[in-house]
Number of protein chains: 2
Amino acid sequence: MNIKYVATRAGLPAKTIRYYEEIGLITPLRQANGYRAFRESDLHKLAFIGRARSLGFTIEDCRALLALYEDRERASADVKALAAAHLARIEAKIAELQAMKRTLSGLVEACAGDGRPDCPILQGLGQGHCC
Amino acid sequence: MNIKYVATRAGLPAKTIRYYEEIGLITPLRQANGYRAFRESDLHKLAFIGRARSLGFTIEDCRALLALYEDRERASADVKALAAAHLARIEAKIAELQAMKRTLSGLVEACAGDGRPDCPILQGLGQGHCC
DNA sequence: TATGGGGCTTCCAGTCACGGGAAGGTCAAC
DNA sequence: GTTGACCTTCCCGTGACTGGAAGCCCCATA
């Protein structure tokens, strides 16, 4: 399997796959002409990583998850701890964004949005009544 | 006013203030010894930028907002458009994170989290029943 | 046999918004 | 005169890629 085929099947850009090799997440074989030769197991790993990434796990999380995935002696508690920590990060980020959203939508609603210069948004930013 | 004083009053690290000068957001004067000499107006701009940043505006947004702030002929519609676009980005990000959160919390809840290797989280990531 | 086009390779540079740290000048207090 | 806090510039690193250049490789068509 060449890189473009694998990229299509895993739903990842070829560039990203080369990057994942560079940082040691996968180690595809090489053909005589220097082209990468992907095995089914490489494709499977890439799809795994892609799904983990789409859930927001960092690359280092993915590395750890892959290691657990391939360890038949793993304890599910380790996996759960990783995922729960990530979940907490996501929830914190959501809370942060929702706070921004509240403030910002208040300002946006207060702004007439016409041709005049008066603007509660700029006033809020300038005078600190916003955060 | 020296940089540390301004940093304290604006609530920004000195490093960040130097960076903002480097990219042209502010242009403090210089003392004879080479130290930066901040005016009240510099401090005011820095506080403005800090508040905009804390609402998630990018640096380029801040540059545009500052320009509008200092333009007495501005139309509040321009400010509102900027802020509304940013608000939409925030809302999109929240939705994305909430989707992650739903999937991930489902997986985490399904995982026993004990010493056994069986793990729905890894299964979900490996078999694509997660996204 | 030439050539054209697509695919593959590596390497370098850029992204965003800083943060860390080195090397060295300056200032006020003791 | 000597600390010690403050200031300066400069350069590198972050995360996870993305874009682009330069150059091989392979196959099909004229």
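Lettering follows sequence order; numbering is per chain, from 1.
B:Leu82 places a side-chain heavy atom less than 4.5 Å from the side chain of B:Leu68. Side-chain contact between A:Arg63 and A:Ile23 is present, with heavy atoms from C-beta onward closer than 4.5 Å. Put simply, the side chain of B:Ile59 reaches to within 4.5 Å of the side chain of B:Arg53, judged on heavy atoms. A 4.5 Å side-chain heavy-atom check between A:Leu29 and A:Tyr35 finds every atom pair outside the cut-off. The side-chain heavy atoms of B:Ile3 and B:Val6, taken from C-beta on, include no pair separated by under 4.5 Å. Proximity of B:Arg89 to B:Asp61: side-chain heavy atoms (C-beta onward) are separated by under 4.5 Å at one or more points.
Within 4.0 Å of A:Tyr5, counting heavy atoms only, lies no atom of the nucleic acid at all. Among the heavy atoms of the strands lying under 4.0 Å from A:Tyr20 are primed sugar atoms or P, OP1, OP2 only; no base atom is included.
Between the side chain of A:Lys4 and the base of C:dG6 there is no donor-acceptor pair of N/O atoms closer than 3.5 Å. Donor-acceptor pairing under 3.5 Å, judged by distance alone, is present between the side chain of B:Tyr35 and the base of C:dG25.
In this structure, B:Ile17 atom CD1 and C:dC18 atom P are separated by 11 Å, rounded to whole Å. What separates CG of B:Leu46 from C1' of C:dC18 is a distance of 15 Å, to the nearest Å. One atom, CG of B:Asp61, and another, C1' of C:dC16, lie 13 Å apart when rounded to the nearest Å. With rounding to whole Å, A:Tyr19 atom OH is found 16 Å from C:dC12 atom C1'. Between the CG atom of B:Asn33 and the P atom of C:dT26 there is a distance of 8 Å, given to the nearest Å. Between B:Glu22 atom CD and C:dC16 atom P the separation is 14 Å, expressed in whole Å. Nucleotide C:dG6 holds its P atom 17 Å from the CG atom of A:Asn2, rounded to whole Å.
Ion pair B:Glu109/B:Lys101 not flagged as a salt bridge, since none of the NZ, NE, NH1 or NH2 atoms sits closer than 4.0 Å to an Asp/Glu carboxylate oxygen. Salt bridge status for B:Lys45 with B:Asp42: absent, with no side-chain N to carboxylate O gap under 4.0 Å.
For B:Tyr5, the side chain to side chain donor-acceptor pair (under 3.5 Å) partners two or more places apart in sequence, or in a different chain, are B:Arg9.
Taken over five-pair windows at either terminus, the axes of the helix from C:dT1-D:dA30 to C:dC30-D:dG1 are inclined to one another by 30° (rounded to 10 degrees).
For B:Thr16, no side-chain nitrogen or oxygen approaches OP1 or OP2 of C:dA17 to under 4.0 Å. In this model, the phosphate group of C:dC11 is not approached by any side-chain N or O of A:Arg18 to a distance below 4.0 Å at OP1 or OP2.
You can see that DNA chain D meets the heavy atoms of chain B within a 4.0 Å-exclusive cut from D:dC6 to D:dC10, reading 5' to 3'.
Nucleotides of DNA chain C nearest to A:Phe38 and B:Lys15 differ in position, and the one nearer the 5' end is that of A:Phe38.
For A:Ile3, counting side-chain heavy atoms from C-beta on, the closest listed nucleotide (C:dT26, C:dA17, C:dT9) is C:dT9.
No side-chain donor-acceptor contact under 3.5 Å links B:Asp118 and B:Gln123.
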